[in-house]
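These numbers come from a predicted model, not from an experiment. The first residue of the sequence shown is numbered 1, and numbering continues consecutively from there. Just the heavy atoms: all of them, side chains too, but no hydrogens, waters or symmetry mates, feed the values below.
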Amino acid sequence: MYTGECELSNVRSYLDGYYHAVGDVEFLDDFPGFHDWVAQKYGFYESTSGWRNMILAVELNLKPNNFSWVGFDDGASNSIHENSVSRFFCLVSEYRSRLTSGSF
């Protein structure tokens, strides 16, 4: 997967574009539940901010319910972005393995 800069927003754009280009793809069938799963895993009271924002907030060590989403990621360093992308792929792997094992 080539996303340009190593940032979750680029990964999200890539996945959105891929999904819309090919339509209903088997490996993306279960992905909509990922937002809610990430919110639950990290203690966010809702998932409306999306997995991208929640994962980046976790990497920025922000408390799940004690900050404003507006501009929360301004000035995030390259290493924070790289760590958030790595965390994303680890979370996807964990999420998918839980789905296949039925351990939700």
What pairs with Asn83 under side chain to side chain contact (heavy atoms under 4.5 Å, CB included), at least two apart in sequence or on another chain?
-> Glu59
When rounded to the nearest 0.5 angstrom, what distance separates NE2 in His81 from OG in Ser9?
-> 7.0 Å
Distance-only criterion, 3.5 Å: show the donor-acceptor pairs between side-chain atoms of residues 39-46 and protein atoms not counting sequence neighbours.
from, atom 1, to, atom 2, distance (Å)
Lys41, NZ, Glu94, OE1, 3.4
Lys41, NZ, Glu94, OE2, 3.2
Tyr42, OH, Arg87, NH1, 3.0
Glu46, OE2, Thr48, OG1, 3.1

To the nearest 0.5 angstrom, please state how far the CG atom of Leu91 sits from the CD1 atom of Ile55.
-> 5.0 Å
Mutual orientation of the aromatic rings belonging to Trp51 and Phe88 [parallel < 30°, tilted 30-60°, perpendicular > 60°] | parallel
Applying side chain to side chain contact (heavy atoms under 4.5 Å, CB included) to Ser93 and not counting sequence neighbours gives none
Where the side chain of Ser47 meets the backbone of Gly50, is there a donor-acceptor pair that is under 3.5 Å apart?
-> no
Which distance, rounded to the nearest 0.5 Å, do you find between the CG of Asn53 and the CG of Leu60?
-> 10.5 Å
With rounding to the nearest 0.5 Å, note down the distance linking CZ in Phe34 to CZ in Arg96.
-> 11.0 Å
Is Leu62 close to Val58 at the side-chain level, that is, under 4.5 Å between some pair of heavy atoms?
-> no
If a pair satisfies salt bridge (charged side-chain N to carboxylate O under 4.0 Å, His left out) and one of its residues is in residues 70-81, list it, with sequence neighbours excluded.
-> Arg52-Asp73
How far does CG of Leu56 sit from CD of Glu7, to the nearest 0.5 angstrom?
-> 8.5 Å
Taking atom OG of Ser84 and atom CZ of Phe89, what is their separation to the nearest 0.5 Å?
-> 10.5 Å
What residues form a side chain to side chain donor-acceptor pair (under 3.5 Å) with Thr100, not counting sequence neighbours?
-> none
Would you please test Tyr95 and Val38 for side chain to side chain contact (heavy atoms under 4.5 Å, CB included) and show each step?
-> CA-CA 9 Å; Tyr95 176 75; Val38 170; over 6 Å; no
